[in-house]
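Accompanying notes for the structure given below.
Every value quoted in this text rests on a predicted model; they were computed, and no experiment measured them. Naming convention: chains lettered A, B, ... in sequence-line order (proteins, then strands); numbering from 1 in each chain.
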Amino acid sequence: MDEQTRLMHSHTGVGMAGHPGLPPHMQEGTGGPDGDGRKQDIGDILQQIMTITDQSLDEAQARKHALNCHRMKPALFNVLCEIKEKTVLSIRGAQEEEPPDPQLMRLDNMLLAEGVSGPEKGGGSAAAAAAAAASGGVGADNSTEHSDYRAKLTQIRQIYHTELEKYEQACNEFTTHVMNLLREQSRTRPISPKEIERMVNIIHRKFSSIQMQLKQSTCEAVMILRSRFLDARRKRRNFNKQATEILNEYFYSHLSNPYPSEEAKEELAKKCAITVAQVSNWFGNKRIRYKKNIGKFQEEANMYAARTAVNAANASSHGSQANSPSTPNSSAGDL
DNA sequence: CATCATGATTCTTT
DNA sequence: AAAGAATCATGATG
């Protein structure tokens, strides 16, 4: 490896010939193979940097002060301003404003929709619950499953916000640092406020590209979480036997018109300890499956018909029997 | 472990 | 908006 020669090669005078308003490291295309007139060893520069001491810094400070106080300084500064005035016009054509990145907007929208990037509310879980309910739409029944989801979502949001804050802070720090630097330099070379502004824009763009990575990974995390939990809303649990009995009873006793009204659904939901939506699901499934294969359900139909008949008989004969909800082991309980 | 039952979701129809 | 139809994914079962 001849890194040394390569480095030597890449350092030429052109590095200083770039944009006057930008520090060299922010420009593209500086350096590169070039005429090797001087071939100044970059190692020398590094050496100089490494050997900077407080003393030499003080020295430099003093020299700067001396320069600033030089009697020719204002005149020189004016000349520089003039030159700058001429050159800056040709530079102005650079990309001023960029259109908002569609991908970034997509990510932002999604994070907002998931309740991640929204305003952090005190409760946290409440916000997450609202978000989950809004996105899930149907759910909101057994919160035992959702609480885990909410907890994880809150966790993700916390990480996201702390990271975002860190970036924000770093960005601000860096920006003020650079601005101070530029202001300091503006005493010896002309720097227009517009240039400083553009510099700030560049910094912000760099940092926002970092932020986008954060948003991207946050989005991925949320997606994974969703697929694991919210999609686990279809982690189906069979209704208990009693509930299916109640539902079947209603279904077969209203076989000619198995469409319970809203009130009836509520009643059934209450009796079965399930939601109205679940009752609707059940009837939807039952109707279509019954219709599809009546023969398969014939036995079941007969059974429930017989039972309701018996129940009716009991109710009528014994008069005021409030309710016999379970009738655990009656005629058709098992084969 | 293959298969069916079943609750939930999604899309289409009414 | 509600029902129908197709489909998905899991639970139960043998």
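- The interatomic distance linking A:Arg236 (CZ) with B:dT10 (P) rounds to 16 Å, in whole Å.
- Hydrophobic side-chain contacts under 4.5 Å tie A:Phe77 to no other Ile, Leu, Val, Met, Phe, Trp or Tyr residue.
- In this structure a side-chain-to-backbone donor-acceptor pair under 3.5 Å is present from A:Thr53 to A:Ser56.
- One interatomic measurement links the two molecules: CG of A:Leu247 to P of B:dT6, which rounds to 12 Å at whole-angstrom precision.
- In this structure, A:Asn293 atom CG and B:dC4 atom P are separated by 13 Å, rounded to whole Å.
- The nearest whole Å value for the distance from the OH atom in A:Tyr290 to the C1' atom in B:dG7 is 21 Å.
- Backbone-only contact: A:Lys296 has heavy atoms under 4.0 Å from sugar-phosphate atoms and none from a base.
- Between the P atom of B:dT6 and the CZ atom of A:Phe239 lies a distance of 11 Å, rounded to the nearest Å.
- Here the P atom of nucleotide B:dA5 and the CD atom of A:Glu300 are 11 Å apart, to the nearest Å.
- No more than 12 heavy-atom neighbours from other residues, nucleotides or ligands sit within 6.0 angstrom of NZ on A:Lys270.
- One N or O on the side chain of A:Glu195 and one on the backbone of A:Ser192 form a donor-acceptor pair closer than 3.5 Å.
- One interatomic measurement links the two molecules: CZ of A:Arg289 to P of B:dA8, which rounds to 11 Å at whole-angstrom precision.
- No donor-acceptor pair under 3.5 Å is formed between the side chain of A:His177 and the backbone N or O of A:Glu173.
- The list of salt bridge (charged side-chain N to carboxylate O under 4.0 Å, His left out) pairs with a residue in residues 214-223 of chain A, not counting sequence neighbours, reads A:Asp108-A:Lys215.
- Atoms NZ (A:Lys286) and C1' (B:dA8) sit 16 Å apart, rounded to a whole Å.
- Considering only side-chain N and O atoms, A:Gln278 lies nowhere under 4.0 angstrom from the phosphate OP1 or OP2 of B:dG7.
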Short N/O separations, protein against nucleotides 1-4 of chain C, under 3.5 angstrom:
residue, atom, partner, partner atom, Å
C:dG4, OP1, A:Tyr259, OH, 2.3
C:dG4, OP2, A:Arg287, NE, 2.6
C:dG4, OP2, A:Arg287, NH2, 3.3

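- In this structure, A:Asn293 places its CG atom where more than 12 heavy-atom neighbours from other residues, nucleotides or ligands lie under 6.0 Å away.
- Looking at heavy-atom distances under 4.0 Å, A:Asn238 makes contact with sugar-phosphate atoms alone, never a base.
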